[in-house]
There are 2 protein chains.
Amino acid sequence: MRVRCYIEDIGNHVGETVTLEGWLAGKRSSGKIQFLQVRDGTGFIQCVASRSDVGDESFAELDGLTQESSLRVTGTVAKDDRAPGGYELAADSVEVVHVAEEYPISRKEHGTSFLMDHRHLWIRSSRQFAVLRVRATVIAAARRYFDSRGYTLLDTPILTPAACEGTTTLFATRYFDEDAYLSQSGQLYNEATAMAFGKVYCLGPAFRAEKAKTRRHLIEFWQIEPEIAYADLDEIMDIQEEMVCEIVREVLSKREPELGILERDLEPLRRVEPPFPRIAYGEAVERLKASGQDVEWGVDFGAEHETVLSQQFDRPVLVHRYPRDVKPFYMEDDPDDPAVTLSVDMLAPEGYGEIVGGGQRVEHLDVLERRIAEAGMPREEYAWYLDLRRYGSVPHGGFGMGIERLVTWICGLAHIRETIPFPRMLSRLRP
Amino acid sequence: MRVRCYIEDIGNHVGETVTLEGWLAGKRSSGKIQFLQVRDGTGFIQCVASRSDVGDESFAELDGLTQESSLRVTGTVAKDDRAPGGYELAADSVEVVHVAEEYPISRKEHGTSFLMDHRHLWIRSSRQFAVLRVRATVIAAARRYFDSRGYTLLDTPILTPAACEGTTTLFATRYFDEDAYLSQSGQLYNEATAMAFGKVYCLGPAFRAEKAKTRRHLIEFWQIEPEIAYADLDEIMDIQEEMVCEIVREVLSKREPELGILERDLEPLRRVEPPFPRIAYGEAVERLKASGQDVEWGVDFGAEHETVLSQQFDRPVLVHRYPRDVKPFYMEDDPDDPAVTLSVDMLAPEGYGEIVGGGQRVEHLDVLERRIAEAGMPREEYAWYLDLRRYGSVPHGGFGMGIERLVTWICGLAHIRETIPFPRMLSRLRP
């Protein structure tokens with residue numbers, strides 16, 4: 001009997017005859033035997049095709065078969081501890097579905113620009129496969145964290161009439177007879193849904209038209225943003241910590257083979273357990289000065305500052321109570337020190353810097369009205385947002401976590417661009 | 001001891017003293033007792049506050065308390081079969097957090113436009129609460145369907161250089177020095193990721209700048225789109241059927257109280273079990289003619305046609321093999337009849353019409369090149385898409401399911417606009 005099977009499940013079929021449907025990732029030959037490296041999108045496996053088993057005609061066809069040709073291999077599953085995945089397939093027959101043209105991505109070194117131009121093919125390589133499987137697991141784990149704790153997913157709009165944090169970095173479009181902008185954050189809308197559903201989150205794409213070329217920024221990125229009614233800053237920090245620990249544990253338990261492909265050192269990830277250190281912005285400034293950084297109280301931290309700070313700890317660090325001037329209008333003042341806000345950023349260890357940003361939001365109408373006026377923002381566009389302080393305002397807060405930044409750190413990558421299937425960067429809108 | 005508790009979990013605390021943090025949804029008084037309807041975003045409950053228990057001062061404060069004021073109620077949980085949720089809280093103390101201004105949404109009838117202008121508050125009402133909780137459950141169930149079957153989530157880009165189905169209904173933006181468009185579908189990119197990961201899906205927002213005012217269309221909507229390498233049309237239909245059944249079962253098991261609030265007849269939902277009827281487009285045309293519809297072979301079905309068709313069945317119906325001319329360039333021809341394509345739409349019963357559309361994609365390079373030329377599309381923008389037919393092309397297919405259309409049907413709503421937190425429609429970009 002012929003059973004269609006995925007490589008990921010092949011361990012359940014030892015001794016059985018199965019059919020794999022996939023692509024030829026690589027091949028070597030030793031006279032009467034062809035060793036076919038086959039991938040099917042769930043994993044990689046070696047299929048051993050001997051001339052005597054598959055017949056002369058099929059064997060000859062395999063001999064010249066090009067990389068990435070598609071094929072169906074039927075054979076018997078064997079356990080083999082020396083094989084990378086632990087199993088091997090002894091082929092009875094091989095059906096070639098399509099003979100690929102000469103594949104542009106070879107084993108030699110290619111430049112990043114070439115690989116990015118061929119992103120639609122590059123994602124077939126084992127390294128990209130590993131990174132994007134980790135990404136999928138990170139998103140699933142983040143969602144489960146919130147779903148299992150009574151949060152309601154409420155999707156916030158992408159097309160909006162006004163900006164959350166200024167219009168300079170916004171993509172604009174014509175929405176019939178008026179101007180609209182692509183959202184940079186669902187937070188303001190989250191505050192409305194949190195007042196209706198208590199604990200909410202959104203997960204979707206966000207857009208920043210920043211003319212910056214860094215290894216930490218994408219033009220189009222995905223973020224998960226929870227918002228919680230009746231939560232204070234301490235609770236926000238607890239949730240960030242618990243969520244990140246749960247995600248990292250899930251990746252370690254489900255994606256160890258992929259982290260192995262990436263040659264990721266697992267020790268720093270295994271140390272990601274509570275409690276995370278929590279330091280005030282003021283202490284962070286002192287630490288930076290002591291490390292020889294040129295920094296003064298009141299400035300926002302740059303990538304270099306975050307790198308230095310995050311290298312001082314063996315797990316993520318929560319930096320709280322940033323100065324008023326470096327945080328957006330909606331951040332609540334610290335009642336004990338109005339020069340700082342009830343904000344908190346989480347910096348990933350190993351020099352990776354900010355992965356989460358959030359805090360408590362302004363609760364009272366008069367304060368929020370003043371802030372909007374001070375920021376010179378169009379009051380009428382925020383009338384609905386002000387309404388949230390008119391009708392049963394409560395202490396509340398939340399945060400946003402950038403999916404790609406988290407994946408960059410977990411995978412131990414040098415650049416964020418590999419953490420999303422089709423990255424959008426300053427000079428990259430294709431493919 | 002004071003335990004903070006959500007209404008959803010209150011059944012686990014019968015006889016205990018808990019604190020609810022929420023809002024006043026309604027209130028009535030009988031002299032020495034105030035009956036407070038409290039909501040906290042996870043449910044609604046009646047809290048009974050007697051003058052003798054909460055004291056004269058607090059009792060007087062409650063007396064004039066406005067709708068949607070925020071409050072913390074501490075009291076003892078009692079089982080009460082006459083109560084809507086089955087429980088009641090005997091209040092020991094009530095702390096008013098914020099006294100709401102006079103709430104604009106009262107129990108009287110409001111026009112839709114007024115309610116939509118106040119969408120940020122309208123979502124607090126029990127009916128909107130119910131619809132959006134069903135939506136969250138639909139999305140979670142759809143994701144779990146794919147996650148549990150080995151599909152990899154791969155997010156496709158929103159900002160794209162070219163259109164999937166023509167540029168007339170696209171939102172355009174400036175992407176630094178060039179033009180970009182907001183994606184209407186992740187499908188073409190899904191085909192690339194399916195060749196790399198075997199079974200994939202994306203879930204995100206999509207945009208159609210259609211100047212249409214109908215009860216089935218949103219400008220910004222969410223869809224889930226799976227794509228499967230080595231799948232044929234029959235398999236695509238099997239997956240659609242199994243997925244929709246699983247989602248409906250999940251909603252029935254988890255959201256019966258919400259469907260009750262919506263007064264949804266559950267019988268039609270309970271009948272959503274396989275097998276779904278499968279009819280060819282040609283048979284559908286004959287059925288429409290027999291029903292007195294003015295229709296000829298070759299036309300695309302309109303909303304009226306879909307309504308009439310879907311009323312003929314007691315569960316969703318799969319209509320397959322639409323004519324070449326009414327389907328996009330990437331649909332595979334039927335090898336048995338080149339006048340039709342290997343396409344399939346699922347129509348929801350009770351007159352709701354199309355909720356899923358998909359099919360098998362063109363497999364061979366020469367056919368796809370001809371189609372792109374015939375459609376007058378810029379070949380260079382599709383070079384990467386053509387590559388998928390150069391390097392290990394395989395039979396493959398998938399589909400897209402509109403989240404809001406599915407929720408409209410499951411909730412039994414007359415209009416799609418209530419199925420998304422902040423709808424975007426022809427004349428609605430706010431709030």
Side-chain angles (χ1 to χ4, degrees), chain A residues 6 8 21 23 40-42 68-70 97-98 100-101 103 120-121 123-124 129 132-133 136 139-140 147 150 152-159 161 171-173 175-176 178 180 189 192-193 196-198 204-205 220 222 229-230 384 387 390-394 420-422 424 426 429-431, chain B residues 6 8 21 23 40-42 68-70 97-98 100-101 103 120-121 123-124 129 132-133 136 139-140 147 150 152-159 161 171-173 175-176 178 180 189 192-193 196-198 204-205 220 222 229-230 384 387 390-394 420-422 424 426 429-431:
Chain A
Y6 282 95
E8 195 167 37
E21 299 182 312
W23 293 266
D40 72 350
T42 72
E68 284 303 317
S69 288
S70 45
V97 177
H98 176 246
E101 296 180 18
Y103 196 60
H120 55 294
L121 303 176
I123 53 174
R124 301 182 183 187
F129 170 83
L132 294 174
R133 297 251 292 185
I139 294 175
D147 285 345
T152 302
L153 168 74
L154 289 150
D155 301 302
T156 53
I158 306 297
L159 292 168
F171 286 104
T173 190
Y175 190 89
F176 307 108
E178 57 187 321
Y189 289 98
T193 57
F197 293 81
E220 179 178 325
W222 284 66
Y230 286 101
W384 67 268
D387 272 358
R390 285 182 208 282
Y391 307 109
S393 191
V394 302
I420 189 165
F422 295 93
R424 295 296 178 247
L426 189 51
L429 178 61
R430 296 179 172 78
Chain B
Y6 282 95
E8 195 168 36
E21 299 182 311
W23 294 264
D40 72 350
T42 72
E68 283 303 317
S69 289
S70 45
V97 176
H98 177 244
E101 296 180 18
Y103 196 59
H120 54 294
L121 303 176
I123 53 176
R124 301 182 183 187
F129 170 85
L132 293 174
R133 298 252 291 184
I139 293 174
D147 286 345
T152 303
L153 169 74
L154 289 150
D155 301 301
T156 53
I158 306 297
L159 292 168
F171 285 103
T173 190
Y175 189 89
F176 307 109
E178 57 187 321
Y189 290 97
T193 57
F197 293 82
E220 178 178 325
W222 284 67
Y230 286 100
W384 68 268
D387 271 358
R390 286 183 207 280
Y391 306 109
S393 190
V394 302
I420 190 165
F422 295 94
R424 295 296 178 246
L426 188 51
L429 179 61
R430 293 177 174 80

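So you know, we letter chains A, B, ... as the sequences are listed, proteins then strands, and number each from 1. Keep in mind that what you see is a predicted model, and the values were worked out from it rather than measured.
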Region of [X] in contact with chain A, defined by heavy-atom distances below 4.5 Å:
| X | value |
| --- | --- |
| B:Trp222 | side chain |
| B:Glu220 | side chain |
| B:Pro205 | side chain |
| B:Ala172 | backbone |
| B:Leu426 | both |

Testing the basics here: between [X] and [Y], what is the closest heavy-atom pair and its distance to 0.1 Å?
| X | Y | result |
| --- | --- | --- |
| A:Ala192 | B:His120 | CB-CB, 4.1 Å |
| A:Ser393 | B:His98 | N-ND1, 2.9 Å |
| A:Tyr189 | B:Arg424 | OH-NH2, 3.3 Å |

ask   = Using 30° and 60° as the class limits, which term best fits the ring planes of B:Phe129 and A:Phe197: parallel, tilted or perpendicular?
value = parallel

request  = Classify the ring geometry between B:Tyr175 and A:Phe171 as parallel (under 30°), tilted (30 to 60°) or perpendicular (over 60°).
outcome  = parallel

Roughly how far, to the nearest 0.5 Å, is the [atom2] atom of [Y] from the [atom1] atom of [X]?
| X | Y | atom1 | atom2 | result |
| --- | --- | --- | --- | --- |
| A:Phe422 | B:Thr193 | CZ | OG1 | 6.5 Å |
| A:Ile123 | B:Leu154 | CD1 | CG | 7.0 Å |
| A:Arg430 | B:Leu159 | CZ | CG | 12.0 Å |
| B:Asp147 | A:Ile139 | CG | CD1 | 10.0 Å |
| A:Leu429 | B:Phe176 | CG | CZ | 10.0 Å |

key: B:Tyr230 ring center within less than 6.0 Å of A:Trp23 ring center   = yes

Under a 4.5 Å cutoff for heavy-atom pairs, which residue among [options] has the most contacts with chain B?
| options | answer |
| --- | --- |
| A:Ile158, A:Val394, A:Asp387 | A:Ile158 |
| A:Asp155, A:Leu132, A:Leu121, A:Thr156 | A:Asp155 |
| A:Gly198, A:Pro421, A:Gly392, A:Ala100 | A:Gly392 |

request  = Under 4.5 Å, counting heavy-atom pairs only, tell me which of B:Ala136, B:Pro157, B:Ala229 racks up the most with chain A.
outcome  = B:Pro157

task = List for me each residue that meets salt bridge (Lys or Arg N to Asp or Glu O under 4.0 Å) alongside A:Glu68, sequence neighbours excluded, and say none if there are none.
result = A:Arg39, A:Arg124

task = Can you sort out the partners of B:Asp40 under salt bridge (Lys or Arg N to Asp or Glu O under 4.0 Å), two or more places apart, ordered by chain and number?
result = none

